[in-house]
Amino acid sequence: MAQSDVKVRIASVKNIQKITRAMEMVAAARLRRAEQRISSLRPYAGAIRRMTRQAAEAAGGELGALPILAEHESENTIAIVLVTADRGLAGAFNSQILRAGIRAGAEYEEAGKKVTYYATGRRGVSSLNFRGKHTAGTYTGFTDRPAYANAREIAEDLVSAYVDAEVDRVEIFYNGYVSALVQEVRRETLLPLQQATILEGNERDQDGTEEEVSGHHALVEYEPDPVDILKRLVPDYVEISIFRALLESTASEHGARMTAMRNASENAGEVITDLTLEMNRVRQAEITQEIMEVVAGAEALV
């Protein structure tokens, strides 16, 4: 490879390195804002989930009194919600959600059940379409900064599908934010309420740690009765659960992109070092060749 070609490659890699460093700084700034939004939401989301859980435990066998609370006799159709991003360049952020959701869908299909997908983010929508998966709902254009209205739109579609018996179970897959370096795939059941993740033995509190549900609660008298309260609470619970998943996913996306761009910048630096050494070797070889030609020419004149 000629010295000029190596110089062109070095200049190209340096330009790429400038871009990756800029993207890293942008992701870091957006990550800080996303962390603040999560910190503000988690206490409220945790309170809504606890209230819903306690009201559901108080209602007991009366949960089937309303369509939104009724557990369907059989689970023939499963709705899987995949929370991905509109953009890539974030490492395994999108692919791990798609793998987990599609794997779960394949397991349900092997059991003879029908699976319908809902997806947020262009990456998830395009990937599902490429694989020929049926998508009942697609939501794009807001993953960088989701609003509560986006969560409400998704929740309304899911609740309507459940009440109309179009789906019998709703599960959501998203990247839970642990730190800028760690994002974990979380799988939660939203509906039916009897099988929802909030009724399991362990639940994540507002700080993202495991909180043991002891089963001992203060005596509470509900007015009106727990079923009427749940009628109002369940739509809010679904909305806030989806909104929390969107915010967790947004922070995870920025953290994953920041890490990916930092790694790309470091790799670009290593490539530049290798190319610089190669350029020096090429230049030394050219100088040596020129000296040999001069010496050969001088010997020919003697």
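Residues take their numbers from the sequence shown, with the count starting at 1.
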N-O pairing of [X] and [Y] below 4.0 Å:
X: E248; Y: R42; value: yes
X: R262; Y: E266; value: no
X: R49; Y: E188; value: yes

Starting at [atom1] of [X], measure out to [atom2] of [Y] and round the result to the nearest 0.5 Å.
X: R87; Y: R123; atom1: CZ; atom2: CZ; result: 10.0 Å
X: L190; Y: I154; atom1: CG; atom2: CD1; result: 11.0 Å
X: N267; Y: Q17; atom1: CG; atom2: CD; result: 10.0 Å
X: K231; Y: I229; atom1: NZ; atom2: CD1; result: 13.0 Å
X: E24; Y: L31; atom1: CD; atom2: CG; result: 11.5 Å
X: S249; Y: Q183; atom1: OG; atom2: CD; result: 10.0 Å

Judged by atom type as modelled, is there a donor-acceptor pair below 3.5 Å linking the side chain of [X] to the main-chain atoms of [Y]?
X: S241; Y: Y237; answer: yes
X: S40; Y: Q36; answer: yes
X: N94; Y: A90; answer: no
X: T189; Y: R169; answer: no
X: D236; Y: I48; answer: no

Which atom names give the shortest non-hydrogen contact between [X] and [Y], and what distance separates them?
X: A147; Y: R37; result: CA-NH2, 4.4 Å
X: E239; Y: A151; result: O-CB, 3.7 Å
X: R30; Y: D144; result: NH1-OD2, 3.7 Å
X: R257; Y: G88; result: NH2-O, 2.8 Å
X: A119; Y: G124; result: CB-C, 4.3 Å

Do [X] and [Y] share a hydrophobic cluster, counting only Ile, Leu, Val, Met, Phe, Trp and Tyr and linking them when any side-chain heavy atoms are less than 4.5 Å apart?
X: I287; Y: V295; answer: yes
X: Y44; Y: L247; answer: yes
X: L89; Y: I19; answer: yes
X: F93; Y: M261; answer: no
X: V234; Y: V167; answer: yes

Residues I172, R187; criterion side-chain contact (heavy atoms from CB on, under 4.5 Å); working and verdict: CA-CA 6 Å; I172 185 170; R187 176 180 182 177; over 6 Å; no
Hydrophobic cluster (4.5 angstrom, side-chain heavy atoms) - remaining members for V178: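 Members other than V178 - counting any ILVMFWY side chain reachable under 4.5 Å - are L181, V182.
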query: Apart from Y108 itself, what residues make up its hydrophobic cluster, given side-chain heavy atom links below 4.5 Å?
result: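 Via sub-4.5 Å side-chain contacts, Y108 links to I78, I80, L82, I97, L98, I102, V115, Y117, L128, F173, V185.
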message: Using the rule given for side-chain contact (heavy atoms from CB on, under 4.5 Å), can you reason through L191 versus L158, listing the C-alpha separation, both sets of side-chain angles and the distance that settles it, and then say yes or no?
response: CA-CA 9 Å; L191 295 170; L158 294 173; 5.5 Å; no
Do the non-hydrogen side-chain atoms of [X] and [Y] ever get within less than 4.5 Å of each other?
X: L230; Y: T52; result: yes
X: L41; Y: F243; result: yes
X: T140; Y: T120; result: no
X: M23; Y: M258; result: no
X: I16; Y: T20; result: yes
X: E184; Y: Y177; result: no
X: P146; Y: T250; result: yes
X: T138; Y: Y118; result: no

field: Step-by-step salt bridge (Lys or Arg N to Asp or Glu O under 4.0 Å) determination, R103 to E107
entry: CA-CA 6 Å; R103 187 186 305 118; E107 292 174 356; 5.8 Å; no
query: Are more than 12 heavy atoms from other residues, nucleotides or ligands located less than 6.0 Å from atom NZ of K113?
result: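 Yes - once you tally the heavy atoms of other residues, nucleotides and ligands closer than 6.0 Å, there are more than 12.
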field: Crowding at CD, E73 (>12 non-hydrogen neighbours, <6.0 Å)
entry: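 At most 12 heavy atoms, drawn from other residues, nucleotides or ligands, come within 6.0 Å of this atom.
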task: If the plane angle is over 60° it's perpendicular, under 30° parallel, otherwise tilted; pick one for H72 and Y162.
output: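 The arrangement is parallel - the two ring planes meet at less than 30°.
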field: Single hit among Y148, F142, Y174 for side-chain contact (heavy atoms from CB on, under 4.5 Å) with L246
entry: F142
Can you confirm whether the side chains of [X] and [Y] place a donor and an acceptor under 3.5 Å from each other?
X: Q289; Y: Q284; answer: no
X: E153; Y: Y139; answer: no
X: T143; Y: D86; answer: yes

query: Testing R186, E253, Q96 for side-chain hydrogen bond (donor to acceptor under 3.5 Å, both in side chains) with N175, which one passes?
result: Q96
